[in-house]
Amino acid sequence: QVQFVESGGGLVQPGGSLRLSCAASISLFSIRTMGWYRQAPENQRELVADITSLGTTNYADSVKGRFIISRDNAKKTVSLQMNSLKPEDTAIYYCNIRTDVINGKSSWGQGTQVTVSS
């Protein structure tokens with residue numbers, strides 16, 4: 001069983017920055033692709049960014065150029081640096097194994113709340 005614990009969220013003004021962290025209960029050395037997701041009220045959960053074991057990254061158009069995803073397999077963590085934040089970035093953010101999410105076999109943590117407001 002895999003468990004993820006997200007942290008680093010909070011209240012920030014538009015244009016500000018936050019760094020989210022995801023701690024995994026299992027080794028990430030054998031996990032090909034990890035992703036960050038978010039869900040706003042009344043909206044479906046959406047993929048924000050993902051990263052492969054080789055460091056290849058992918059970003060949603062809405063965050064491209066503003067967010068940076070990274071991973072540290074030795075520390076069993078996946079991070080999301082968020083810059084130039086906008087009110088529409090407000091959501092609960094989660095991390096998970098990309099393949100598990102695609103196959104509908106994922107278990108979600110509690111997530112971390114990000115609120116962008118002046």
Side-chain angles (χ1 to χ4, degrees):
Q1 300 295 322
V2 61
Q3 182 179 0
F4 301 103
V5 179
E6 299 91 348
S7 63
L11 175 64
V12 64
Q13 295 184 353
S17 299
L18 282 174
R19 185 175 179 84
L20 306 184
S21 181
C22 169
S25 64
I26 61 171
S27 174
L28 295 181
F29 285 103
S30 62
I31 305 300
R32 179 167 183 173
T33 307
M34 289 292 299
W36 274 98
Y37 303 78
R38 68 185 181 187
Q39 185 169 24
E42 308 297 330
N43 287 23
Q44 293 183 338
R45 184 184 294 110
E46 63 175 342
L47 176 68
V48 177
D50 58 38
I51 182 170
T52 71
S53 59
L54 296 179
T56 301
T57 57
N58 173 66
Y59 299 93
D61 289 340
S62 59
V63 308
K64 191 172 299 182
R66 299 188 297 120
F67 291 10
I68 301 174
I69 187 172
S70 61
R71 64 192 287 176
D72 189 331
N73 292 341
K75 295 182 179 180
K76 297 194 292 184
T77 59
V78 184
S79 299
L80 184 68
Q81 178 66 45
M82 305 184 296
N83 302 313
S84 302
L85 284 163
K86 304 175 180 180
E88 49 263 47
D89 294 319
T90 297
I92 302 177
Y93 285 71
Y94 306 86
C95 66
N96 221 314
I97 301 172
R98 184 81 177 102
T99 301
D100 286 357
V101 176
I102 294 174
N103 293 336
K105 298 182 179 180
S106 58
S107 296
W108 300 94
Q110 63 180 356
T112 184
Q113 176 71 51
V114 172
T115 302
V116 184
S117 177
S118 59

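Excluded from the calculations below are hydrogen atoms, water molecules and symmetry mates; all remaining heavy atoms, backbone and side chain alike, are included. We're numbering straight along the sequence, starting at 1. Remember, predicted model here, so these are calculated numbers, not experimental data.
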Could you check Asn83 against Ser17 for side chain to side chain donor-acceptor pair (under 3.5 Å), going step by step and ending with a plain yes or no? CA-CA 4 Å; Asn83 302 313; Ser17 299; 3.0 Å; yes

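The nearest pair of heavy atoms linking Val48 to Tyr37 is CG2-C, 3.9 Å. Residues Tyr59 and Ala49 come closest through the heavy atom pair CD2-CB, 3.5 Å. The nearest pair of heavy atoms linking Cys95 to Phe4 is SG-CB, 3.6 Å. Considering every non-hydrogen atom in both Arg98 and Asp50, the closest pair reads NE-OD2, 3.5 Å.
Two residues are said to be in side-chain contact when any heavy atoms from C-beta on lie closer than 4.5 Å; Glu6 and Tyr94 meet this criterion. When side chains are defined from C-beta on, Asn96 does not count as touching Trp36, because their heavy atoms never get closer than 4.5 Å. Considering only heavy atoms from C-beta on, Tyr93 stays 4.5 Å or farther from Leu18 through its side chain. In this structure, Leu28 and Met34 have side chains that are in contact, with non-hydrogen atoms separated by less than 4.5 Å. Between Leu47 and Asn58 there is a side-chain heavy-atom pair separated by less than 4.5 Å.
In terms of the salt bridge (charged side-chain N to carboxylate O under 4.0 Å, His left out) criterion, residue partners of Arg38 (sequence neighbours excluded) are, by chain and number, Glu46, Asp89. Not a single side chain to side chain donor-acceptor pair (under 3.5 Å) links Ser79 to another residue, sequence neighbours left out. With sequence neighbours excluded, no residue forms a side chain to side chain donor-acceptor pair (under 3.5 Å) with Arg45.
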Output a table of donor-acceptor pairs, distance under 3.5 Å, between side-chain atoms of residues 111-118 and any protein atom two or more places apart or on a different chain; print 'none' if there are none.
unit_1, atom_1, unit_2, atom_2, d
Thr112, OG1, Gly9, N, 3.0
Gln113, NE2, Ala91, O, 3.4
Gln113, NE2, Thr115, OG1, 3.4

When the side chains of residues 99-106 are checked against the rest of the protein, which donor-acceptor pairs come out under 3.5 Å, sequence neighbours left out?
unit_1, atom_1, unit_2, atom_2, d
Asn103, ND2, Thr99, O, 3.4
Ser106, OG, Trp108, NE1, 3.2

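Although no hydrogens or angles enter the test, the distance criterion places no donor-acceptor pair under 3.5 Å between the side chain of Asn73 and the main chain of Lys76.
Screening Ile68, Leu20, Val63, Val12 against Met82 for a side chain to side chain contact (heavy atoms under 4.5 Å, CB included) leaves a single residue, Leu20.
When the shell of 6.0 Å around CZ of Arg32 is examined, it contains 12 or fewer heavy atoms from other residues, nucleotides or ligands.
Rounded to the nearest 0.5 Å, atoms CG (Leu80) and CD1 (Ile69) are 6.0 Å apart.
Within the structure, no pair that satisfies the side-chain hydrogen bond (donor to acceptor under 3.5 Å, both in side chains) test touches residues 21-31, not counting sequence neighbours.
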